Engineer: 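Supplied in structure tokens, the structure appears directly below.
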Amino acid sequence: MNINNFNGDFLNKYRGIRNYYIKLFISKLSELVKWRPNGSILEVGCGTGDATLKYICPELPQDFSKLVCTDISEEMVEETEKLFAKDPKISCSVLDITRDLEASEKNQFDHILSTHCLMWVTDQQKAFQNLYDLLKPGGSCFLIFV
């Protein structure tokens with residue numbers, strides 16, 4: 001699958017398996033993450049945003065300040081934007097987690113979440129360095145990958 005081409009049939013084929021594991025692990029999110037008051041949250045690899053809406057959002061604290069849903073695919077981000085268009089605390093953006101970050105992008109998030117995305121990243125070292133750099137000091141990551 002070309003990451004820059006939205007392919008709903010491909011996603012639908014594997015959605016059941018993905019949803020099973022997201023539901024299983026994301027239920028532990030509130031137990032494992034020490035949410036910061038008014039925390040900022042980044043999701044890496046949001047896809048169409050359906051799992052974000054169904055599984056992640058219900059687990060977030062009510063007082064989070066912002067959730068930024070990102071994906072490398074512009075088409076995926078456009079699908080996610082449709083789901084969250086009316087929520088002022090949620091924004092969407094295209095992000096290649098392996099690109100060089102600008103200094104102004106670093107230390108921006110209290111928490112980073114990613115489900116079933118990072119296993120597809122070729123440059124793992126760069127991706128994890130960027131995750132670390134995007135976090136504020138003492139921030140946390142919750143990652144699900146195969």
Side-chain angles (χ1 to χ4, degrees), residues 1-26 28-29 32-36 38-61 64-146:
M1 181 174 86
N2 182 334
I3 58 174
N4 294 315
N5 293 327
F6 176 72
N7 185 333
D9 292 334
F10 178 84
L11 290 175
N12 287 331
K13 184 176 181 181
Y14 297 100
R15 190 168 274 151
I17 295 168
R18 179 207 65 183
N19 287 353
Y20 173 81
Y21 286 103
I22 289 176
K23 186 176 179 181
L24 180 69
F25 291 114
I26 213 74
K28 305 290 183 193
L29 186 62
L32 298 173
V33 174
K34 304 245 187 290
W35 296 109
R36 291 182 176 174
N38 299 307
S40 55
I41 305 162
L42 174 70
E43 181 184 12
V44 176
C46 65
T48 62
D50 65 305
T52 308
L53 179 64
K54 187 173 183 178
Y55 301 108
I56 294 175
C57 286
E59 297 295 327
L60 298 180
F64 75 92
S65 63
K66 70 178 178 178
L67 167 62
V68 180
C69 301
T70 67
D71 200 282
I72 193 171
S73 166
E74 186 174 321
E75 290 83 3
M76 297 291 188
V77 170
E78 289 171 1
E79 292 295 313
T80 304
E81 286 175 332
K82 293 175 190 175
L83 289 177
F84 298 109
K86 294 183 180 180
D87 193 327
K89 290 172 42 173
I90 301 176
S91 63
C92 304
S93 180
V94 174
L95 172 67
D96 176 353
I97 195 61
T98 62
R99 72 168 169 74
D100 291 334
L101 297 175
E102 300 291 328
S104 63
E105 295 176 294
K106 297 179 180 182
N107 301 312
Q108 293 297 309
F109 296 95
D110 295 297
H111 310 284
I112 296 178
L113 311 173
S114 182
T115 65
H116 298 94
C117 166
L118 296 173
M119 70 258 196
W120 301 108
V121 175
T122 304
D123 190 347
Q124 294 283 303
Q125 183 173 352
K126 182 68 170 182
F128 279 91
Q129 183 62 56
N130 282 347
L131 291 173
Y132 179 81
D133 290 342
L134 287 162
L135 282 172
K136 292 178 182 177
S140 66
C141 276
F142 185 88
L143 312 173
I144 300 172
F145 53 96
V146 179

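This is a predicted model, so every value here is computed, not measured.
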Engineer: Is the shortest side-chain heavy-atom distance between I41 and L113 below 4.5 Å?
Structural biologist: yes
Engineer: Please answer whether the main-chain N or O of G47 pairs with a side-chain N or O of T80 as donor and acceptor at a distance below 3.5 Å.
Structural biologist: yes
Engineer: Which residue, V44, I90, L83, forms the side chain to side chain contact (heavy atoms under 4.5 Å, CB included) with C69?
Structural biologist: I90
Engineer: Side-chain donor-acceptor pairs under 3.5 Å in residues 131-143, sequence neighbours left out?
Structural biologist:
from	atom 1	to	atom 2	distance (Å)
D133	OD1	Q129	NE2	3.0
D133	OD2	Q129	NE2	3.4
S140	OG	H111	ND1	2.8

Engineer: I need the W120 CH2 to I72 CD1 distance, nearest 0.5 Å.
Structural biologist: 13.5 Å
Engineer: Any carboxylate oxygen within less than 4.0 angstrom of a Lys/Arg side-chain nitrogen, looking at E59 and K28?
Structural biologist: no
Engineer: Just wondering, do S114 and I144 contact through their side chains at under 4.5 Å, heavy atoms?
Structural biologist: no
Engineer: Can you sort out the partners of T98 under side chain to side chain contact (heavy atoms under 4.5 Å, CB included), two or more places apart, ordered by chain and number?
Structural biologist: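 So T98 forms a side chain to side chain contact (heavy atoms under 4.5 Å, CB included) with D96, V121, D123, K126, A127.
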Engineer: Between F128 and L118, is any pair of side-chain heavy atoms under 4.5 Å apart?
Structural biologist: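 They are in side-chain contact.
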Engineer: Could you check whether any side-chain N or O of K89 sits under 3.5 Å from a backbone N or O of L67, counting only pairs where one atom can act as donor and the other as acceptor?
Structural biologist: no
Engineer: Within the 4.5 Å heavy-atom criterion, are S93 and V77 side-chain neighbours or not?
Structural biologist: no
Engineer: Looking only at side-chain N and O atoms, does S73 offer a donor or acceptor that is under 3.5 Å from a partner on D71?
Structural biologist: no
Engineer: To the nearest 0.5 Å, what is the distance between OG on S65 and CZ on F109?
Structural biologist: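 Here the rounded value is 9.0 Å.
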Engineer: Would you mind reporting whether D110 and W35 have side-chain heavy atoms less than 4.5 Å apart?
Structural biologist: no
Engineer: Using a 4.5 Å cut-off on heavy atoms from C-beta on, say whether the side chain of I112 contacts that of I97.
Structural biologist: no
Engineer: Measure the spacing between CE of M76 and CD of E78 and express it to the nearest 0.5 Å.
Structural biologist: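 One finds 11.0 Å between CE of M76 and CD of E78.
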Engineer: Whether the side chain of Q108 engages the backbone of E105 through a donor-acceptor N/O pair (distance < 3.5 Å, no angle test) should be reported.
Structural biologist: no
Engineer: Side chains of E43 and T70 only: does a donor on one sit below 3.5 Å from an acceptor on the other?
Structural biologist: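 Absent: no donor and acceptor within the cut-off.
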Engineer: Can you tell me how far the SG atom of C92 sits from the NZ atom of K82, to the nearest 0.5 Å?
Structural biologist: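 NZ of K82 is found 12.0 Å from SG of C92.
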Engineer: If I take atom OG1 from residue T115 and atom CG from residue L29, how far apart are they, to the nearest 0.5 angstrom?
Structural biologist: 10.5 Å
